[in-house]
Amino acid sequence: MKVVKEEIGRLLNQPISAYTLKNDNGMEITCLDYGCIISAIKVPDRNGHIENIVLGFDQLDDYRKWSLYFGNVIGRVAGRIKGAEFELNSKTYVLPNNENRNHLHGGERGFHNVVWKAKMIQIEGTAGVQFSYFSPDDEEGYPGNLHVKVTYLLTNQNELVISYHGTTDEDTLLNLTNHSYFNLSGNMKRDILEHSLTLNSSSFLELDSEFIPTGSFLNVDQTPFDFRNGRMLKDGVLSSHPQNKLVGSGYDHPFILNGDHPICLMDHESGRCLTVATDQAAVVLYTGNQIPSGFSIQGVKSRKYLGVCLETQGLPDAIHHTHFPSIVLKKGDEYHAKTTYTFSVMK
Ligand code: G6D
């Protein structure tokens with residue numbers, strides 16, 4: 001197990017470093033102190049070929065140029081907040097409307113777009129990095145001086161364990177996630193439409209025309225949203241279901257997780273499997289419907305469906321829906337969240 005640090009350039013007038021975690025099986029993860037980006041995850045296929053299985057750029061500037069949140073941590077609040085404002089303790093807070101009239105993924109200067117402090121971790125059987133950031137009161141319009149930590153740990157069981165921790169000196173909102181786009185074919189040889197997903201969820205959130213939850217929970221029964229027995233992601237592209245069509249032919253939806261059943265993504269051709277276990281209430285399944293053409297990602301032409309996101313988190317726009325689990329972090333409380341991504345191969 002080892003951690004290697006390398007300075008790779010400058011952004012926001014600060015030096016940016018990449019941290020590469022390696023375990024004893026040849027698995028590697030590279031992450032950046034800019035936005036806690038996971039820029040590469042290299043794992044074997046069924047023939048032992050180790051290839052990258054996440055979308056990431058070789059050039060640092062491309063992350064800012066084509067901000068699609070490749071690999072980024074997202075916060076203070078993942079997802080959209082309707083009207084870019086919310087009320088808390090009888091006070092209204094106005095946030096930047098960085099997507100039409102709504103607030104998306106913590107705003108332009110969200111946690112994806114700041115430089116984090118990094119501390120390398122090397123303890124028996126794991127290698128990792130702990131990123132920390134101080135978000136001052138009123139940063140992007142949110143109340144409270146907030147201390148956040150995001151820790152990536154790689155184990156010799158080919159697990160990436162991501163844990164989040166936050167404290168605040170004033171009631172605020174906090175709903176963090178990681179926005180990696182997975183493509184298990186390896187080096188983006190194919191898109192993700194032939195990937196199959198098993199997800200134990202019996203309901204998902206209905207979205208309106210601005211991709212904001214309406215507040216309704218839709219039953220997955222007899223729809224392309226039923227992943228309980230496994231389903232190919234292409235079903236959402238071929239579907240005539242209005243919610244699949246709404247988001248650009250695919251999925252871009254929060255699914256409510258039933259208990260602690262792991263999520264399982266598989267690519268049958270390579271044999272690679274990703275199992276996701278989380279303590280979060282929901283996962284946003286996003287099949288990269290908005291990835292534009294016109295640029296290249298590690299030499300591969302960008303295009304729709306080149307990666308799939310499994311963004312474990314609280315429910316988007318929860319602050320405007322009292323029947324959603326709360327994402328309020330109260331003064332003096334601690335925010336904890338943990339998601340484990342385990343990589344394996346089918347024989
Ligand atoms: C699009 O609607 C999707 C979001 O869910 C995603 O996070 C973003 O692209 C990158 O806005």
**Request:** Please assess Phe70 against Tyr63 for the test ring pair (Phe, Tyr, Trp, His ring centres under 6.0 Å), listing each intermediate value before the final yes or no.
**Result:** CA-CA 7 Å; Phe70 283 178; Tyr63 281 103; 7.1 Å; no

**Message:** Taking the six-membered ring for Trp, are His241 and Phe225 closer than 6.0 Å centroid to centroid?
**Reply:**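 Ring-ring flag for His241/Phe225: true, centres closer than 6.0 Å.
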
**Prompt:** Taking the six-membered ring for Trp, are the ring centroids of Tyr286 and Phe211 within less than 6.0 Å of each other?
**Reply:**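 No, they do not, as the ring centres are separated by 6.0 Å or more.
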
Flag, side chain of [X] to backbone of [Y], donor-acceptor distance under 3.5 Å:
X	Y	result
Arg272	Pro44	yes
Tyr69	His105	no
Asn156	Asp24	yes
Ser201	Ser203	yes
Asp267	Ser270	yes
Asn23	Met1	no
Asn102	Gly83	yes
Asp279	Lys338	yes
Asn187	Glu51	no
Ser185	Arg190	yes

**Item:** By side chain to side chain donor-acceptor pair (under 3.5 Å) - contacts of Asp191 (at least two apart)
**Value:**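 For Asp191, no residue satisfies side chain to side chain donor-acceptor pair (under 3.5 Å) once neighbours in sequence are set aside.
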
**Asked** Which residues satisfy the side chain to side chain donor-acceptor pair (under 3.5 Å) test with Glu99, sequence neighbours excluded?
**Response**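 In terms of side chain to side chain donor-acceptor pair (under 3.5 Å), with neighbours along the sequence ignored, Glu99 is linked to Arg80.
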
same_hphob_cluster([X], [Y]) at 4.5 Å side-chain heavy-atom cutoff:
X	Y	answer
Leu21	Ile41	yes
Tyr133	Ile74	no
Leu184	Leu199	yes
Phe204	Leu310	yes
Leu60	Leu68	yes

Mind jotting down which residue pairs meet the side chain to side chain donor-acceptor pair (under 3.5 Å) criterion with at least one end in [range]? Sequence neighbours excluded, please.
range	value
residues 295-306	Asn52-Gln298
residues 81-95	Asn89-Asp171
residues 222-234	Glu194-Lys234, Asp221-Arg228, Asp226-Arg228, Arg231-Asp235

Write down the atom of [X], the atom of [Y], and the distance for their closest heavy-atom approach.
X	Y	value
Ile53	Val43	CG1-CG2, 3.8 Å
Pro316	Gly79	CB-CA, 4.3 Å
Leu306	Asn183	O-ND2, 2.8 Å
Asn175	Gln313	OD1-CB, 3.5 Å
Gly35	Trp116	N-CD1, 3.8 Å
Arg76	Phe111	CG-CZ, 3.4 Å

**Message:** Checking Thr312 against Thr339 for the side-chain hydrogen bond (donor to acceptor under 3.5 Å, both in side chains) test, could you report, in this order, the C-alpha distance in whole Å, the side-chain angles of both residues, the deciding distance, and whether it holds?
**Reply:** CA-CA 7 Å; Thr312 54; Thr339 296; 2.8 Å; yes

Measuring from [X]:[atom1] to [Y]:[atom2], what's the distance to the nearest 0.5 Å?
X	Y	atom1	atom2	value
Ile81	Asn97	CD1	CG	12.5 Å
Tyr335	Leu174	OH	CG	5.5 Å
Met266	Cys264	CE	SG	4.5 Å
Leu233	Leu285	CG	CG	6.0 Å
Glu159	Leu154	CD	CG	9.0 Å
Ile29	Leu160	CD1	CG	4.0 Å

**Prompt:** Please, which pairs that meet ring pair (Phe, Tyr, Trp, His ring centres under 6.0 Å) have at least one residue in residues 18-42, sequence neighbours excluded?
**Reply:**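 Not a single pair qualifies under ring pair (Phe, Tyr, Trp, His ring centres under 6.0 Å).
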
**Request:** Write out all pairs satisfying salt bridge (charged side-chain N to carboxylate O under 4.0 Å, His left out) with one or both partners inside residues 6-18, taking only residues at least two apart or from two chains.
**Result:**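 For residues 6-18: none.
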
Side chains of residues 140-152: which donor-acceptor partners sit under 3.5 Å, not counting sequence neighbours?
| from | atom 1 | to | atom 2 | distance (Å) |
| --- | --- | --- | --- | --- |
| Glu140 | OE1 | Glu108 | N | 3.2 |
| Glu140 | OE1 | Arg109 | N | 3.1 |
| Tyr142 | OH | His103 | NE2 | 2.8 |
| Asn145 | OD1 | Asp137 | N | 2.9 |
| Asn145 | ND2 | Asp169 | OD2 | 2.8 |
| Thr151 | OG1 | Gln130 | NE2 | 3.4 |
| Tyr152 | OH | Cys36 | O | 2.5 |
| Tyr152 | OH | Asn178 | ND2 | 3.4 |

**Request:** Scan side-chain atoms only and decide if Thr342 and Thr275 contain a donor-acceptor pair under the 3.5 Å cut-off.
**Result:**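 Side chains of Thr342 and Thr275: no pair found under 3.5 Å.
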
**Asked** Do Thr167 and Glu334 get their side chains close enough for a donor-acceptor pair, meaning under 3.5 Å?
**Response**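 No.
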
**Message:** For Lys189, is there an ion pair with Glu269 - N to carboxylate O distance below 4.0 angstrom?
**Reply:**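 No, Glu269 and Lys189 are not salt-bridged.
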
**Asked** Any side-chain heavy atom of Val276 within less than 4.5 Å of one from Thr340?
**Response**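 When only atoms from C-beta onward are counted, Thr340 and Val276 do not touch, as no gap falls below 4.5 Å.
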
**Asked** Under the side chain to side chain contact (heavy atoms under 4.5 Å, CB included) test, which residues partner Asp333, sequence neighbours left out?
**Response**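 Asp333 satisfies side chain to side chain contact (heavy atoms under 4.5 Å, CB included) with Leu329, Lys330 once adjacent residues are dropped.
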
**Partner residues of Thr30 under the side chain to side chain contact (heavy atoms under 4.5 Å, CB included) criterion, sequence neighbours left out** =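 Result, side chain to side chain contact (heavy atoms under 4.5 Å, CB included) vs Thr30: Ala18, Thr20, Ser39, Ala40.
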
**Request:** Report the relative orientation of the aromatic rings in Phe182 and Tyr341; use parallel for angles under 30°, tilted for 30 to 60°, perpendicular for over 60°.
**Result:**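 Aromatic pair Phe182/Tyr341 classed tilted.
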
**Message:** Can you tell me how the ring of Phe295 sits relative to the ring of Phe57, calling it parallel under 30°, perpendicular over 60° and tilted otherwise?
**Reply:**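 Judged by the thresholds at 30° and 60°, the geometry between Phe295 and Phe57 is tilted.
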
Identify all side-chain donor-acceptor contacts of residues 244-257 below 3.5 Å with residues at least two apart in sequence or on another chain.
| from | atom 1 | to | atom 2 | distance (Å) |
| --- | --- | --- | --- | --- |
| Asn244 | OD1 | Ser239 | OG | 2.7 |
| Asn244 | ND2 | Gly250 | O | 2.8 |
| Tyr251 | OH | Pro224 | O | 2.5 |
| Tyr251 | OH | Gly236 | N | 3.3 |
| His253 | NE2 | Gln243 | OE1 | 3.0 |

**Message:** Using a 4.5 Å cut-off between side-chain heavy atoms of Ile, Leu, Val, Met, Phe, Trp and Tyr, which other residues end up in the same hydrophobic cluster as Ile123?
**Reply:**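 Its cluster mates, by chain and number, are Ile121, Leu153, Val161.
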
